[in-house]
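Working notes for the structure below.
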Protein chains: 2
Amino acid sequence: MAKDKTDNETGGGTGGGIQSLDAALRVLMFMASRPGPLSLSELAREVDMPPSKVHRYLASFLHAGLAEQGGRSGKYDLGAGSIRLGLAAIGRHDFVNKPSAHLEELRDATGLTVLLSVWGGGGATVVRWERAASPIVTSMGLGTTLPLLNSSTGRIFLAYAPQATVQARLAEELAQAAQNPAVLGDVEPTRSGVDALIERVRGMGYATVYGDYIPGLVVVAAPILDWQGEAQAAITLIGTNPKVVQDGSDEIGHLLDFCRAHSFASVGSEG
Amino acid sequence: MAKDKTDNETGGGTGGGIQSLDAALRVLMFMASRPGPLSLSELAREVDMPPSKVHRYLASFLHAGLAEQGGRSGKYDLGAGSIRLGLAAIGRHDFVNKPSAHLEELRDATGLTVLLSVWGGGGATVVRWERAASPIVTSMGLGTTLPLLNSSTGRIFLAYAPQATVQARLAEELAQAAQNPAVLGDVEPTRSGVDALIERVRGMGYATVYGDYIPGLVVVAAPILDWQGEAQAAITLIGTNPKVVQDGSDEIGHLLDFCRAHSFASVGSEG
DNA sequence: AAACGTATTGCGTGATACGCAATTATTCTG
DNA sequence: CAGAATAATTGCGTATCACGCAATACGTTT
């Protein structure tokens with residue numbers, strides 16, 4: 001009975017359920033993480049798989065409509081089936097639908113630009129936002145993927161998302177940061193530096209960043225937690241006045257109130 | 001040399017690339033076609049696969065974040081990874097991003113509610129819409145899946161989408177219609193009836209429906225075609241005044257102009 | 001035209017996903 | 001609160017099928 005199930009979880013920690021499916025989905029999610037269409041060879045190189053393998057995966061994606069092959073360039077890109085899937089998913093997450101009105105309230109209460117992001121598929125994705133009247137130019141569209149270490153939103157997920165799901169992305173960013181340490185500013189690009197960061201964020205319940213990711217801006221983020229204490233989503237405030245990110249500011253108060261009010265909302269429709 | 005490759009394509013016409021991946025994606029897209037969370041057994045029954053198989057697929061989907069397991073109900077639902085995927089896909093389709101301003105123009109020119117839909121993953125999905133000032137209550141959200149036979153939008157895809165991709169859904173709706181023929185109104189729920197419908201739509205270049213899907217409303221739709229003459233998207237006008245769907249009306253003129261103007265726009269970013 | 005890079009397709013085989021059944025968790029019921 | 005029934009999950013052996021390799025077809029560059 002003392003089955004050593006541990007040897008499933010060895011090493012790389014890739015294992016979901018079915019190996020080939022995991023590999024295929026990795027290709028798909030990689031496509032989602034890239035801005036434009038990709039050729040077969042690019043794709044194969046980046047995900048480190050033989051082209052024939054990727055090609056067969058793509059054939060299935062094409063068939064499902066999740067991917068499509070653009071123009072005569074032959075490059076592959078996400079397709080209408082992915083849109084369909086995504087909109088269907090959005091329609092189910094209460095905190096993606098409901099808060100649109102509430103987000104406006106928060107925007108009006110703070111006078112800041114408000115962002116709603118979710119964690120999933122190996123990245124933090126901006127799902128909805130309300131822009132403040134102030135002349136802040138955020139060149140940030142829906143679907144933007146935020147960095148884990150370098151944005152307050154990312155740090156929220158770093159601290160509150162299921163640890164297993166952040167590892168891959170974290171390793172990636174640490175590797176990058178090792179070559180360009182200056183970017184990170186207030187965090188040491190090491191495991192212990194990251195651990196300290198996580199502790200700090202958890203202690204405060206929110207994360208602040210002074211224009212690291214977006215120069216000249218101040219950003220605060222806080223988590224919307226589910227019943228397990230894990231982040232289902234994050235709310236982010238973006239402004240220019242440094243005092244709003246000082247501990248105890250009204251804006252942070254509003255933010256935390258909002259997040260508390262929406263935490264523990266179920267994902268699907270529960271009875 | 002005379003390889004009988006034909007026996008790949010036998011019968012059901014399921015074949016994309018990899019069998020197991022096709023099956024898995026069928027499960028995923030099925031989840032997208034259903035409004036709420038599903039239990040394992042429901043899911044297994046509906047897609048007609050053994051529960052263990054579906055369970056393993058779900059494990060991979062969970063790992064990729066495409067699905068998640070809700071609350072303590074244990075039911076499965078689409079996850080944040082799907083949102084991530086969908087938003088990434090939306091960000092690439094020119095005609096999903098660009099027209100938002102143009103859609104307003106069309107709305108103002110016609111005074112009607114304007115819908116933008118895409119075909120993919122076995123269904124027609126509403127991607128964007130501009131509501132007219134008139135007091136029309138459309139309880140139709142983003143991500144709504146439209147019927148193929150029973151909506152003008154669906155009929156556009158029926159006539160202009162790649163035939164192979166509509167077969168499955170068409171068969172489904174015909175089966176339903178066989179039990180409830182009255183619903184269809186002006187179309188006979190048979191193959192020949194559908195063929196006649198397709199001919200009619202192609203001849204006109206647009207499709208009209210008098211309140212079949214939405215009682216009391218009149219609806220016109222026309223396709224946005226790609227370079228292959230296949231429908232990449234459809235534009236739909238919704239109103240109450242029957243004369244707008246009469247052949248040669250100003251509204252239909254505006255609609256067709258709009259669709260012509262946006263046809264042949266590439267999907268990805270081409271050079 | 002030749003040479004290169006890229007995409008696609010066959011083929012045999014070893015890995016692996018599948019079906020079945022046992023086990024565990026959860027819900028219904030008397 | 002038992003006890004049963006249903007649903008979810010996990011093991012295991014085997015037949016299947018996805019993989020890697022290499023040949024071919026395609027398109028582009030020099």
Kindly indicate whether the side chain of Q232(B), heavy atoms from C-beta on, has any atom under 4.5 Å from the side chain of V118(B).
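SC-SC contact between Q232(B) and V118(B) ruled out.
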
Validation row: S52(B), R56(B) side chains within 4.5 angstrom (heavy atoms):
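Yes, at least one pair of side-chain atoms sits under 4.5 Å.
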
Just compare [options] and give me whichever is closest to any side-chain atom of [X].
{"X": "S41(A)", "options": "dA7(C), dC19(D), dA17(C)", "result": "dA7(C)"}
{"X": "S20(A)", "options": "dA17(C), dC12(D), dA7(C)", "result": "dA17(C)"}
{"X": "K53(A)", "options": "dC12(D), dG20(D), dT8(C)", "result": "dG20(D)"}
{"X": "Y57(A)", "options": "dT10(D), dC19(D), dT8(C)", "result": "dC19(D)"}

Rounded interatomic separation in angstrom, taking [atom1] from [X] and [atom2] from [N]:
{"X": "K75(B)", "N": "dA25(C)", "atom1": "NZ", "atom2": "P", "answer": "21 Å"}
{"X": "R56(B)", "N": "dC18(C)", "atom1": "CZ", "atom2": "P", "answer": "8 Å"}
{"X": "L40(A)", "N": "dG27(D)", "atom1": "CG", "atom2": "P", "answer": "15 Å"}
{"X": "M49(A)", "N": "dA18(D)", "atom1": "CE", "atom2": "P", "answer": "15 Å"}
{"X": "Q69(B)", "N": "dA7(D)", "atom1": "CD", "atom2": "P", "answer": "16 Å"}
{"X": "Q19(A)", "N": "dA17(C)", "atom1": "CD", "atom2": "C1'", "answer": "9 Å"}
{"X": "L58(A)", "N": "dT6(C)", "atom1": "CG", "atom2": "P", "answer": "16 Å"}

Taking any heavy-atom pair under 4.0 Å as a contact, classify I18(B): base, sugar-phosphate, or nothing.
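If one applies the 4.0 Å heavy-atom cut-off, I18(B) turns out to touch the sugar-phosphate alone, with no base involved.
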
Is Q69(B) reaching over with its side chain to a backbone N or O of G74(B), donor-acceptor style, under 3.5 angstrom?
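Answer holds: yes.
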
When you measure from the side chain of R34(A) to the backbone N and O of F30(A), does any donor-acceptor pair fall under 3.5 Å?
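Side chain of R34(A) to backbone of F30(A): no pair is present.
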
May I ask you to evaluate whether [X] reaches the phosphate of [N], defined as a side-chain N or O under 4.0 Å from OP1 or OP2?
{"X": "S52(B)", "N": "dC18(C)", "answer": "no"}
{"X": "H55(A)", "N": "dA7(C)", "answer": "no"}
{"X": "S39(A)", "N": "dA7(C)", "answer": "yes"}

Residue mapping more 5' on DNA chain C - nearest nucleotide basis, L21(A) or Y76(A)
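Result of the comparison: Y76(A).
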
Identify whether the distance between the nearest side-chain nitrogen and carboxylate oxygen of D195(A) and R191(A) falls below 4.0 Å.
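R191(A) and D195(A): salt-bridged.
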
base_contact_polar (dG5(C) base, R45(A) side chain, donor-acceptor, <3.5 Å)
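No.
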
